[in-house]
Amino acid sequence: MRVAYVSAHGCPLAPPGAGSAGGMSVFLRNMTQALARVGVQVDVYAASHGPCALPFDPGPLRLTHVSMESAPTFAADLLAAVEAAGTDYALVHSHYWTSAEPGLELAEEIGVPHVFTGHTIAAIKERAGGTPEPDARKAAEDAAVRRSHSIVTFTEEESAALCELFGLAPHRALTVPVGVDVTLFSPQPRSEARAALSIGQNERVVLSVGRIEPFKGTDVLVRALALLREQARLVVVGGREGEPGVEWLRDEARASGVSDLLDWRTAVPQHELPAYYAAADVCAVPSLHETFGLAALEAMACGRPVVASDAGGLRELVRQGETGLLCEPGDAAALAGALAALLGDASLAQRMGAAGAVRAQHFTWDASAARLAAVYEQVVSVGVGG
C-alpha cells in the first residue's frame with residue numbers, strides 16, 4: 001500500500017519547538033518510517049521551498065516540498081506534484097486543518113478515500129481556555145470531519161470530543177496513540193548529562209520542552225517557579241532567539257522576579273533532547289490542553305517523573321501518583337505544589353520515573369504504525385463510496 005500524506009503546516013524535517021513546528025513534525029518523521037516497516041509506503045507532500053527526496057530504511061520515503069504562497073496555490077501545486085510523481089495511492093491522509101481542503105481536493109481528484117488528523121482542533125482548544133480561533137479554521141475542520149472517510153485521533157478522549165462537537169459517528173473516529181523512539185529516549189546517567197549541558201550537579205532542575213506560548217502554560221510554569229522560592233532552576237528548551245515567544249518568556253520571568261532562575265535554551269534536534277531529560281529532576285507539561293503530550297512521553301521514556309495538566313491526552317498518558325502528578329490547568333499554586341513534592345522527595349521521584357520508563361515501552365512507533373496500518377486497510381476495504 002502507498003499513501004499520500006499532505007502537510008501544509010510544516011515539514012517532517014523541521015526541528016520541534018522552533019517557530020510553529022512541534023509534535024506534528026516528530027509524528028510525521030517517525031510514523032512514516034515505522035509504517036514502512038509494516039509495509040505501508042508513505043509519500044509526504046509538505047509545505048516548504050524546493051523539491052527534496054530522502055531515502056529511509058527500509059524502503060524509500062519520498063518527501064516533496066510544495067510551495068505555500070497561499071492555500072489555493074498549495075492545492076494546485078500539490079495536485080501537480082502528485083501528477084508528476086505518477087504514483088497510484090490507496091488513500092490520502094491530511095494533517096492539520098490547513099491541509100484538510102487541499103487533501104480532500106486531491107483525494108476526490110484521484111478517486112481515493114480521505115483520512116484526516118487534526119493534531120489540534122479549534123473547538124477543543126477554545127473549550128480548554130485558549131484564545132478564539134479563526135472562523136476559516138473552524139470551517140475547514142468542520143468540512144474535514146464531515147467529508148473524510150475516517151478521522152484518526154491520538155486518544156479516546158479526543159475521539160469522544162469529536163463525536164460530541166461534530167455529531168461524528170463513533171465508528172468514524174479511530175484512535176491511534178502516538179509513539180516514542182525508546183532506543184533514543186531511554187534512561188541515562190544524570191551526572192554525565194548535566195556535565196555536558198553545563199548544569200550544576202547539585203541543582204534541582206525543572207525542565208520544559210516545546211513551543212513557548214500561553215496555551216502551553218509557560219507563563220503558569222514561571223509563576224509556579226516563583227512560588228517555589230528558589231528551590232529550583234527552570235530549563236526551557238524551545239524557540240529561537242528573536243521569536244516573540246522567547247521575549248514573552250523573559251518578560252514573564254522578570255515580572256515574577258525569577259529571571260535569575262530561568263535557563264532558556266534554543267530548540268534542539270530530537271537526538272539532543274534525551275540529555276536534557278536526563279539532566280532534569282522533573283519534567284513539567286503545564287499546557288491548558290494537549291492532544292497527546294509527546295514531551296511527557298519522552299520524559300517518561302527517559303525515566304523522569306512528569307508534572308502535567310490534568311487535561312486532554314495527558315490524563316490518559318500520565319498515571320496520577322504512579323508515573324507523575326496531575327494538576328488543574330492554569331493553577332500555578334497547584335503546579336508549584338506538585339513540583340515541590342517531587343523535588344523534595346528523591347525516592348518518590350525515582351520510583352515515578354522508573355514506572356514511567358516501563359509505561360513508555362507500551363508506546364512505540366512500531367505499535368502505533370501497526371494500528372494505523374490496520375485503519376488504512378479498513379478504510380481502503382470500504383472504498384470511496386463507503
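Each residue takes its place number in the sequence, starting with 1. None of the values given here were measured: they were computed from a predicted structure.
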Decide whether S309 and S287 meet the rule of one side-chain donor and one side-chain acceptor closer than 3.5 Å. no
Using only heavy-atom distances, determine whether the side chains of T323 and R304 contain a donor-acceptor pair under 3.5 Å.
no
H119 and H95 side chains, donor-acceptor separation under 3.5 Å
yes
Fill in: Side chain to side chain, E377 and M1, heavy atoms closer than 4.5 Å
yes
Spell out, as yes or no, whether a donor-acceptor pair under 3.5 Å connects the side chain of Q41 to the backbone of R2.
no
- Kindly determine whether D43 and Y89 satisfy side-chain hydrogen bond (donor to acceptor under 3.5 Å, both in side chains), including the steps that lead there. CA-CA 9 Å; D43 293 353; Y89 295 113; 2.6 Å; yes
(message) Donor-acceptor pair, distance only, cut-off 3.5 Å: does the side chain of R250 make one with the backbone of S259?
(response) no
Shortest non-hydrogen pair, V38 vs A373, comes out as CG2-CB, 4.1 Å
Any donor and acceptor pair, going by atom type alone, linking the side chain of E126 with main-chain N or O of E133 inside 3.5 Å?
yes
Query raised in the report: Counting N and O atoms only, with roles assigned by atom type, does the side chain of H149 sit under 3.5 Å from a partner on the main chain of H114, one being a donor and the other an acceptor?
Result: yes
- Between L162 and W97, is there a shared hydrophobic cluster once you connect ILVMFWY residues whose side-chain heavy atoms come closer than 4.5 Å? no
What verdict does the side chain to side chain contact (heavy atoms under 4.5 Å, CB included) test give for F185 and Y277, after you've listed the backbone C-alpha separation in whole Å, the side-chain angles of each residue and the deciding distance to 0.1 Å? CA-CA 9 Å; F185 293 95; Y277 290 118; 3.7 Å; yes
Q. Do F363 and L174 belong together in a cluster built from hydrophobic side chains that touch within less than 4.5 Å?
A. yes
Between the CG atom in D142 and the CZ atom in R137, the distance rounded to the nearest 0.5 Å is 13.5 Å
Exercise for review: Say whether D366 and S368, considering side chains only, have a donor N or O and an acceptor N or O under 3.5 Å apart.
Suggested key: no
When every non-hydrogen atom of A100 is compared with those of F116, the smallest separation belongs to CB-CE1, 3.8 Å
Taking atom types as modelled and ignoring hydrogens, do the side chains of S159 and T175 form a donor-acceptor contact shorter than 3.5 angstrom?
-> yes
message: Please determine whether the number of non-hydrogen atoms from other residues, nucleotides or ligands lying under 6.0 Å from atom CD of Q350 exceeds 12.
response: no
Side chains of L28 and S7 in contact at under 4.5 Å (non-hydrogen atoms): yes
Residues A295 and C283: closest non-hydrogen pair is O-SG, 4.4 Å
Exercise for the section: Please find out if less than 6.0 Å separates the ring center of F292 from that of F27. Expected result: no
- Verify the neighbour count for atom CG of D88: are there more than 12 heavy atoms of other residues, nucleotides or ligands below 6.0 Å? no
- Centres of the Y376 and H93 rings: under 6.0 Å? yes
Under 3.5 Å, side chain of T218 to main-chain N/O of P214, donor-acceptor pair present?
no
Q) When you measure from the side chain of T32 to the backbone N and O of R29, does any donor-acceptor pair fall under 3.5 Å? A) yes
Scanning both residues in full, the closest heavy-atom pair of I124 with A161 reads CD1-CB, 3.8 Å
inquiry  = Taking the side chain as everything from C-beta on, heavy atoms only, tell me whether V206 gets closer than 4.5 Å to L225.
reply    = no
query = Does the R265 side chain pair with the main chain of Y276, one donor and one acceptor, at a distance under 3.5 Å?
reply = no
